[in-house]
Each structure stands twice: as C-alpha cells, then as structure tokens.
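Here is how names work: the chains are called A, B, and so on, in the same order as the sequence lines, proteins then strands, and each is numbered from 1.
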2 protein chains.
Amino acid sequence: MKKQSVTLVQVAAKAGVSVMTASRAMSGDGYVSEDTKAKVQAAAKALGYAPNALARVMKGGRTNVIGVVVNDLSSVVVNAFVSALTEEVRKYEMDLFIYNSVGQLDEQTQRRHSQLLHGLWDGLIYVLPRMTDEYLEALERSESPIVLVNFCRRETTLPVVQGDNFNAARDAVAGLISQGHKRIAFIKGTHWTGQSAERERGYRQAMADAHLQIDDHWVQQGTFSEQSGQEACARLLAHDARPTAIFCANDEMAIGCMNAARELNVQVPEELSLIGFDDVSAASIVRPQLTTMRHPLPLMAQAAVQELMRRILGQPGKRQRVEFPAEMVVRESTAPAAGTVTKRRTRKA
Amino acid sequence: MKKQSVTLVQVAAKAGVSVMTASRAMSGDGYVSEDTKAKVQAAAKALGYAPNALARVMKGGRTNVIGVVVNDLSSVVVNAFVSALTEEVRKYEMDLFIYNSVGQLDEQTQRRHSQLLHGLWDGLIYVLPRMTDEYLEALERSESPIVLVNFCRRETTLPVVQGDNFNAARDAVAGLISQGHKRIAFIKGTHWTGQSAERERGYRQAMADAHLQIDDHWVQQGTFSEQSGQEACARLLAHDARPTAIFCANDEMAIGCMNAARELNVQVPEELSLIGFDDVSAASIVRPQLTTMRHPLPLMAQAAVQELMRRILGQPGKRQRVEFPAEMVVRESTAPAAGTVTKRRTRKA
DNA sequence: GTGAAAGCGCTAACAT
DNA sequence: ATGTTAGCGCTTTCAC
C-alpha cells in the first residue's frame, strides 16, 4: 500500500481536534458533541477522507466482509449458489468476496491464503471444497468462523450445510422404477467432492430396494462434462441389452446423453428415459426438457450464512451438520418404460 | 480480528533471535546466515506460523491480490471472462478476488467499498461497470491501479479494454444482408452498460451501408433475458410484413426468439434467420445451434491484466483504450433469405 | 550478519 | 466531552 493520501490525522488537524475525537465522530460511538461531530465530518468530506479498513481490522474490528471459496466458479450450480449467498449476506449488511480456487486446496495454496484465515474476512464459506486432509485440519484448528457447504468426503468438526444427495438419487431412481424401468444405468462424475459417490450410493440403494440386479457395464465413469456423458451413453447404447433409462450424476452429462441418443436415433423419452441432477438452466433449454433433481440452493445459502453469522457474532453454533432434501423436477425426458403398462394407463384403457 | 494466534514475535522467541532476523529469514531478503534462516523456518513450521498479510500491507507491501468487480456474476459472459482473468493473474503469481456488485455502483456502495481502493488489493478490474459519474470520478482521482473492461458509456482517463461491439454488430448484420436478407429486425437489451447501444449502432450502420430502410417496429426493446426475447419476437412475427432475420443484442434473447418461432410454427432458419451475441454455452446446446458473435475473452483478459500489472509495478501505462474485434461463429440458425438465389446456389443449379 | 527503534492508521482504555 | 497513551504485526532505517 502506498501511503494513504488522506488519513484521520489530517481530518483531525483540519477540524482542529485530536485524532481520537475525529475517530469517534466518524464511527459514531462514544461521546462527541454534535458540534464537533459536524465539524469533523465536514472536514472529512472536504478532504475526501476514506477510512482505512486494514488499520481498523488490526485493532480488532470487523471488516463486514465474508469470503466464499469455490473450487469451480464456472460450474452453473456453484454460480447459482454464490448468487444466493450474495443476496443472503446483504440481509446482515455484509459484503461477499469470492475466491475461485480452481482445483484442490493444498498446503501450498494454504500458505498463500494465510490471509484468508486472518483478518481480511470476518468469516469464510467453503463451497464444495476439494482439499487435502492437512488443509482441512488447519481449518479445524483455526479459530475463524468457517462453514463448509456440500462437503461430504469425511467427518469434520466444522459446521456443514449440504444437500441430501443420497436420498435424492434414491428417489430419482425409485421414480424410474415405478415407471416400469428395470434396466437402469448410472453415469458417475469425478470423485473429487464426494457428490458423485453419494449419488451412486443412492442409485444402488434404490435398485437394491426393488431387488434389481445391476449389470456391471451399467455403471459408467464420466467427468461431469457434456462430452463425457455423450461418450458414456454411446457405450451404454452399444450393448445388446440396452438400458431403458439412465440416471446421470449431473445435468451436463444427461444432455450429453441426449446428443448420443439423437446420433443413434434413439428416441428420448420413448426409448430412453434420462434424469440429470442439479437443474442447471440448460436443463430447461434442451428439447426434450430434462427431468432432474434440484437442491434448494436458496435455503442452503440461508442456512450457511445464518450459521456463519452466529459464529461471527460469537453466539453458540447451532447444529453441526444440516442436510436439505432435494426436489424432483419432472420434465419431458422421462416416460414409462416401453411396453410397460402403468397403473394410469390401465385405468385409461 | 481476534488476536492472531502465532506471530513473528513468537517464532523469533522460539528460534532465539530478534523479530527482525526472523522477518528477514521468512521473507528471504536481507542478509541472514543460512544457519539462522533454517532455525527460524523450523520454528515457524513447528508453531504453524502464518504471516499476517494485513500488517505487511500496512507497512507498504503488496498483497498480491487483484480484485475484480462485476455487476452480474450470473451472466455467462461475465463468468467466462472472470474465469479467463483467474487463469491470467496466475501467470503473475497473483490471486484474484471477485466482488459481485449486483447493480449500480453509487456513492453509498463507494463508502462501504473504501477498502476496495485502499490496501486490500494491489489493483482493481471493473468488468462491465454500471456506475454513477461520481463513482467514476472517485476512481479517476484514486491513485490505485485500475482497469475498466467493456466500459463505453463515456470517456474516461482510466485505461479501458473492450470488445468492439459496433463493428461486430455491423459484420453480423452485413452477413445477413449478403445472404439476401432485407427485412432485418433488431432486439435491444437494457441500456445500462452501453453494450446494447453500440450493437444497435452497428446494426443501423450496416442497414444504412446497404441502403436499407429500417421499419419502426423492427427495433424491439428487450431486457437481455430469454423471456424478453421470446416476447419481442412474438411481436415481430405478429406483423404482416415479417422480418426474415433477427439480430439480437445477446444469445439469451435469440434463444427466446427460437422459442417464439417454434410456438408460431415458423421454421428456423428456413423462414427466419437468427443471430445472437456472446456465444454463451447454451448457444451450442439449442437446436438449431445458434449463429452468434464472440468476443475474444481470453485475449481481453490478458490485455486487462497486463495493463493492470504494468500500473501495479509502476511501469508506464501503455495504451489508454484497446479494442478487440469479435469473431463470427456461424452455426445453424442462419440461412439465405427465402426465395433468394445466392451465388453458391446459382453455381450448383 | 544481527538487533533496536520507529511507525504504518486506527481505536480501546484510561485520564482529564 | 475531549485528549493521551499504547499497541495490533510487520518492515524500513540505521546502528552495532
């Protein structure tokens, strides 16, 4: 920082009072006569004075700034969540700064981010963090207010707000099963955040609940990208015994599946039902519109900020882990399995 | 800031040296014997010492952090640009923090953001800023390194990096005209950032260049949203003399046009050509895939960071305003006007 | 090579 | 109601 142009000292000098009086006049607390207060504020305005937040912080004050660390800002879900956070922090008169870590948080980044832990922020929210165990331990040791969002890789003493991926996935697949599907495939994403694993667990549970065997090749590895979904789907459709439905660990991969289906002249949803996850905006743009699972991002943002503010204000934390149920958004990419007579149809007939 | 747990003083004590020696050992400059250096660093590691960036800054150091202020992070273009910036700043070993201003920057926000100008950041990038004149003037007076991106509302002494909206729009419309279109409509976006106005200027120029009259109702007001594009298109298609092509101020509105066309059973591109602007990811997801104009975001990010770093390092600024030409991305939503015999077709026939 | 002192801008705690 | 003192954690300056 180059020397600050205009400081409290100068304001005080111009107003003809001590620095302390000026400080009191500006911050508003402590006893100052209305007279001097006005005088000081006039001087401040004339000089174009702006308080130095750093100095204030060094004395133990708050910055009224919350930091949020995300591992991939270009992800539509993350972006939507950050928007929800931005709105939410305003209710507490706080500001939000976003840091895009782009990948794994390790010791090296931690070194560079020491400032993240000390002073610049009143509190920190980690969204879908991918971090080494050392990093997490450092966070746990730190006394700064911290909230983790959608962190499910291992247990931690830090407060966690998350969407319930397991039950959402189970519901999605159970929905397909109730529409007569028996040959249901799953396309995984990368394992980094643990989200995909939870969704796979839900898939397997639903299949087990219905006493359906899972063929080895029904579980395909993807990378959360549209391209990877397209390739995985092509592999699935190449087999003799094609699945009649695919549950994808996210929407992008499901959209990739649509592309693959179109290329192979497989009709969606008549011949192939598709369910994605996340309800990104593209899900309602593609045709047929994509059926998908949606986390209640605004509620989750609210919970995360609430919990963080409690810690910032020194109030006791409430719950260690809160989990929110997802909502199923039924659109056009799912239909009863071909040749299936559902109850509704029976009634009609 | 609660008192920092472990400071240089403690490290120095543990290593049995003075604070100053410890400081030198950690930062690496100044003369320190290898011996003491190792001793100090060992002590630092053992204690889990992390330097306090704030204190360092207060003494005149750099934070190695660049701030970027955007007015709408949920915008796909802004998001893509921020990603490009994130990558770019890494080349300079800097970190990037993002602030989502969500709307107009005025005096009130300025008050709260004094910290933006002093100390926390080595430099600031404003992307597509919407700000009052007072705010801009404060920025111009400030001595902090600042770069504006895509700011075209009025002249300024600050360095500006921008995409050439005018020529891009002219090229887009000229392209339609060369395909035989004569009845070409334009859907504007909101006027806030001045982008839409530039694109409209390019549209009008191209029409004038080709001596084509613009019907009053061909220029429709939208809000950059898909919904608004759909409505505007419905209005355009309701007229007797329908346009054969629509140039939209952004992709979302063009996608809205597709929806309107589908509802009214108008074939795209056979009966209606569509061009958007920005090349957002949805542009290649919709069918038919959208023809659009693309700003060279990575190049622009590079230029912005370069210029900012020059100022941070105290080197002379290079150019005051740099403008980058856009690229036309031809996909499936444009075709020769119905009944037009283009040269290529003539040759075929 | 290493250390002591001063001070960045601000405010909490104590005087007056 | 106002002023004085001290100190947050660090680095620059100058002394040893």
Side-chain angles (χ1 to χ4, degrees), chain A residues 1-41 43-44 47-64 114-115 117-120 122 143-144, chain B residues 1-41 43-44 47-64 114-115 117-120 122 143-144:
Chain A
M1 184 173 67
K2 56 174 63 112
K3 235 193 224 170
Q4 186 168 320
S5 37
V6 32
T7 74
L8 242 200
V9 182
Q10 302 176 43
V11 174
K14 174 145 186 160
V17 297
S18 81
V19 199
M20 200 50 231
T21 311
S23 166
R24 279 194 271 257
M26 295 307 295
S27 63
D29 48 37
Y31 302 97
V32 202
S33 73
E34 284 303 320
D35 234 33
T36 37
K37 190 168 181 174
K39 214 162 44 178
V40 170
Q41 293 188 334
L47 262 47
Y49 166 77
N52 183 327
L54 270 71
R56 189 175 282 169
V57 170
M58 284 215 32
K59 280 301 291 183
R62 276 176 35 197
T63 53
N64 293 327
S114 54
Q115 64 229 39
L117 299 173
H118 288 300
L120 291 200
D122 289 341
E143 286 165 38
S144 311
Chain B
M1 185 174 68
K2 57 174 63 111
K3 236 193 225 167
Q4 185 168 321
S5 39
V6 34
T7 75
L8 242 199
V9 182
Q10 302 175 44
V11 174
K14 173 146 187 160
V17 296
S18 79
V19 197
M20 200 48 236
T21 310
S23 165
R24 279 193 272 256
M26 296 307 295
S27 63
D29 48 36
Y31 302 97
V32 202
S33 72
E34 284 305 319
D35 235 33
T36 38
K37 190 167 181 175
K39 214 162 43 180
V40 170
Q41 294 189 332
L47 263 47
Y49 166 76
N52 182 327
L54 271 72
R56 188 175 283 169
V57 170
M58 283 214 34
K59 280 302 287 183
R62 278 175 32 197
T63 54
N64 293 326
S114 55
Q115 65 232 36
L117 299 173
H118 288 300
L120 290 201
D122 290 340
E143 287 166 36
S144 310

Degree of bending in the helix from dG1(C)-dC16(D) to dT16(C)-dA1(D) once both end axes are built from five pairs, to 10°:
40°
Please give me the minimum heavy-atom distance between K14(A) and A43(A), naming the atom from each residue.
CG-CB, 3.8 Å
Between dC8(C) (P) and N52(B) (CG): distance, integer Å:
18 Å
Could you work out, with side chain to side chain contact (heavy atoms under 4.5 Å, CB included) as the rule, every residue matching A25(A), not counting sequence neighbours?
V32(A), K37(A), V40(A)
Shortest non-hydrogen separation from A55(A) to M58(B) and the atoms involved
CA-SD, 3.6 Å
What's the shortest heavy-atom distance between V6(A) and Y49(A), and which atoms?
O-CD1, 3.5 Å
Minimum heavy-atom separation for N64(B) to D122(B), with atom names?
N-OD2, 2.6 Å
Among residues 32-40 of chain B, which residues get a heavy atom nearer than 4.0 Å to DNA chain C?
V32(B), S33(B), T36(B)
So, do M26(B) and P51(B) sit near enough that their side-chain heavy atoms are less than 4.5 Å apart?
no
For dG3(D), does OP1 or OP2 lie under 4.0 Å from any side-chain N or O of S18(A)?
yes
Quick one: side chain to side chain donor-acceptor pair (under 3.5 Å) partners of T36(B), sequence neighbours excluded?
S33(B)
Please report the closest heavy-atom contact between V19(B) and L8(B), naming both atoms and the distance.
O-CD1, 4.0 Å
Checking S18(A) now: which residues fulfil side chain to side chain contact (heavy atoms under 4.5 Å, CB included) with it, not counting sequence neighbours?
M20(A), T21(A)
Using a 4.0 Å heavy-atom cut-off, write out nucleotides 11-16 of chain C from 5' to 3' as B (base contacted by protein), S (sugar-phosphate only) or - (no contact).
BBB---
